[in-house]
Amino acid sequence: MLTAFARAFKTPDLRKKLLFTLGIIVIYRVGTHVPIPGVDYRNVQTCIDNAEANQGLFGLVNMFSGGALLQITIFALGIMPYITASIILQLLTVVIPRLEALKKEGQAGTAKITQYTRYLTIALAVLQGTGLVATARSGALFSGCPVASQIVPDQSIFVTITMVITMTAGTATVMWLGELITDRGIGNGMSILMFISIAATFPSALWAIKEQGSLADGWIEFGTVIAVGLVVIGLVVFVEQAQRRIPVQYAKRMIGRRSYGGTSTYIPLKVNQAGIIPVIFASSLLYIPALVAQFAGGNSGWKIWIEKNLALPDAPMHMVLYFLLIIFFAFFYVAISFNPEEVADNMKKYGGFIPGIRAGRPTAEYLSYVLNRITWPGSLYLGLIALVPTMALAGFGANQNFPFGGTSILIIVGVGLETVKQIESQLQQRNYEGFLR
């Protein structure tokens, strides 16, 4: 990997793309530290320094924003509205025939769906920004902080609207920066910004474990966490690269005096076909009852039960439901993202077939059978990765959103592998030696 980056910097056009990407990343990180108007920054820092501040309900969203959410900056919402809008449009593509037709139109249809995603992102940013401002004004953003209700001193309508507009504009800017990286930089822009947001919390989380440690002034805990993290990363890389290759043979066709086809290829089905989406879905769904309980008044029985069993990440009920939801959403997302009937029809149209399997419906049934078989280990892998590191690192003082935890490590490894592959592919295009040397 380091060799690929070194060779990329020696290539002029790739060096420009890498430097451009680094420049956008710097701008993004600067924006995560610029507070929005109407916020008392000193009170915000006081609440962040509180021991309970980083373990609240908004910890996951704060991780995706690179720590900007709890600091209430112009990039407080980060890329979460865009991620949510992309997932919603992807799910609606299966339900709405118009979106499905646009998806099949190729580049023009994809551009139209991208435009719809941008509009939905702005709408979600307004909605989430309004919720964040209301939460900050009520003091619920930092539970247990004595000055939480004084974060927004002026609670007039004008100041509230200004804060919402500022955060919405910040989300639009983040979306624009991500698209700039995709067009003129290296890798997928949104994925790169997500990677940077999570990696930004890495040093402080590691140092917090060292400060809380007691063995050899915390260095033994620090080293143990590093070793465990490297082992987990190695295992995740191994599983993320694993795939089931289904061989496909294309028959020869005579068109005039020329013959076409006769080639052999394969359909790569990854063990983790669903990616990180099931973990995000399960986390979001489990946050809904905790959010309702947080804003509900009084001390009713259902509220106390939710706070004890669902709001705490280390509660047995929370972990069991989290694991089961990940398995459910893994099968659900694979079912809507991979259509065996469509793949079988395309293979039949171009003269392709799986050796030993008849074309058409038998091929679709075989693909569905194989997909279900490999989705089981993939979903169990996602559930274990989401829970085991969290449980193991809890003894070292790490919270549930530590970078070696389930959600973050899947994103870091996935984005890192994809970016390295893109750099290597562009290096091969620019250093092709041909047949003669």
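Given the structure is predicted, the values throughout are model-derived calculations rather than measurements. Counting from 1, the numbers follow the sequence of the chain as shown.
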Peer 1: Angle class for the Y28/F75 ring planes (parallel below 30°, perpendicular above 60°, tilted otherwise)?
Peer 2: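 Parallel: the ring planes of Y28 and F75 meet at under 30°.
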
Peer 1: What closest approach, in Å, do T171 and G78 show between heavy atoms, and which atom pair accounts for it?
Peer 2: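 Distance-wise, the nearest heavy atoms are CG2-O, 4.0 Å.
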
Peer 1: For the pair I277 and F329, evaluate side chain to side chain contact (heavy atoms under 4.5 Å, CB included) and give the outcome as yes or no after the intermediate values.
Peer 2: CA-CA 8 Å; I277 301 300; F329 282 120; over 6 Å; no

Peer 1: CE/M190 to CD1/I181 distance, rounded to the nearest 0.5 angstrom?
Peer 2: 8.5 Å

Peer 1: Could you walk me through whether L325 and F281 pass the side chain to side chain contact (heavy atoms under 4.5 Å, CB included) test, one step at a time?
Peer 2: CA-CA 8 Å; L325 285 174; F281 276 13; over 6 Å; no

Peer 1: Within the 4.5 Å heavy-atom criterion, are V152 and V133 side-chain neighbours or not?
Peer 2: no

Peer 1: For V164 and V126, work out which heavy atoms get closest and say how close.
Peer 2: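 Of all heavy-atom pairs spanning V164 and V126, the closest is CG1-O, 4.0 Å.
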
Peer 1: When you look at R29 and V26, which way does the side chain to side chain contact (heavy atoms under 4.5 Å, CB included) test go after all the steps?
Peer 2: CA-CA 5 Å; R29 289 305 301 162; V26 171; 5.9 Å; no

Peer 1: Please check this pair: side chain of T73 against backbone of P35, looking for a donor-acceptor N/O pair closer than 3.5 Å.
Peer 2: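 Looks like no, no N/O pair under 3.5 Å.
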
Peer 1: In terms of heavy-atom contacts, does CD of Q115 have more than 12 from other residues, nucleotides or ligands at under 6.0 Å?
Peer 2: yes

Peer 1: Under 3.5 Å, side chain of S368 to main-chain N/O of P340, donor-acceptor pair present?
Peer 2: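 Flag not set: sc S368 to bb P340 has no pair under 3.5 Å.
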
Peer 1: Measure the acute angle between the ring planes of F332 and F328, then classify it against the limits of 30° and 60° as parallel, tilted or perpendicular.
Peer 2: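 Judged by the thresholds at 30° and 60°, the geometry between F332 and F328 is parallel.
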
Peer 1: With heavy-atom distances below 4.5 Å as the criterion, would you say the side chains of L18 and I423 are in contact?
Peer 2: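 Yes, their side chains come closer than 4.5 Å.
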
Peer 1: Would you indicate whether the side-chain heavy atoms of I113 and K103 approach each other to under 4.5 Å?
Peer 2: yes

Peer 1: To the nearest 0.5 Å, tell me how far T173 OG1 sits from I74 CD1.
Peer 2: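 Result: 7.0 Å between the selected atoms.
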
Peer 1: I157 and side chain to side chain contact (heavy atoms under 4.5 Å, CB included): which single residue from I161, T160, V159 fits?
Peer 2: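 Going through the options one by one, the only one that passes is I161.
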
Peer 1: For L367 and I246, work out which heavy atoms get closest and say how close.
Peer 2: CD2-CD1, 3.5 Å

Peer 1: Is the shortest heavy-atom distance from the side chain of L410 to the side chain of E240 under 4.5 Å?
Peer 2: yes

Peer 1: Ignoring hydrogens and geometry, is there a side-chain-to-backbone donor-acceptor pair from T182 to G189 under 3.5 Å?
Peer 2: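 Present.
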
Peer 1: Would you check if R244 and V370 make a side-chain contact, meaning some heavy-atom pair closer than 4.5 Å?
Peer 2: yes

Peer 1: Just so I know, are the side chains of L102 and E105 near enough to count as touching, which here means a heavy-atom distance under 4.5 Å?
Peer 2: yes

Peer 1: First locate atom CD1 of I122, then atom CG of L127, and finally report the distance between them rounded to the nearest 0.5 Å.
Peer 2: 13.0 Å

Peer 1: Can you check whether G187's main-chain N or O pairs, donor with acceptor, with S191's side chain at less than 3.5 Å?
Peer 2: no

Peer 1: So do the side chains of Y322 and V279 get within less than 4.5 Å of each other, counting heavy atoms only?
Peer 2: yes

Peer 1: For residues P278 and L382, report the shortest heavy-atom separation together with the two atoms involved.
Peer 2: CG-CD1, 3.9 Å

Peer 1: Taking it one step at a time, do Y41 and I72 satisfy side chain to side chain contact (heavy atoms under 4.5 Å, CB included)?
Peer 2: CA-CA 9 Å; Y41 191 67; I72 319 180; over 6 Å; no

Peer 1: Which atoms form the tightest heavy-atom contact between M163 and P37, and what is the distance?
Peer 2: CG-O, 3.2 Å

Peer 1: Please report the interatomic distance CD1(I87) to OG1(T117), rounded to the nearest 0.5 Å.
Peer 2: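 Going from the CD1 atom of I87 to the OG1 atom of T117 covers 11.5 Å.
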
Peer 1: For the CG atom of L132 and the CG atom of L77, what is their distance to the nearest 0.5 Å?
Peer 2: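 Taking CG in L132 and CG in L77, the distance rounds to 6.0 Å.
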
Peer 1: Which distance, rounded to the nearest 0.5 Å, do you find between the CD1 of I276 and the CD1 of I411?
Peer 2: 5.0 Å

Peer 1: Does R184 pair with E179 as a salt bridge, N-O distance under 4.0 Å?
Peer 2: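 No, this pair does not count.
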
Peer 1: Is the closest side-chain heavy-atom distance between S86 and Y82 below 4.5 Å?
Peer 2: yes

Peer 1: Under 3.5 Å, is there a donor-acceptor pair between the side chain of Q273 and the main chain of K270?
Peer 2: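 Such a contact is found between Q273 side chain and K270 backbone.
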
Peer 1: State, to 0.1 Å, how close L380 and F323 come at their nearest heavy-atom pair, and which atoms those are.
Peer 2: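 L380 and F323 have their closest heavy atoms at CD2-CZ, 3.8 Å.
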
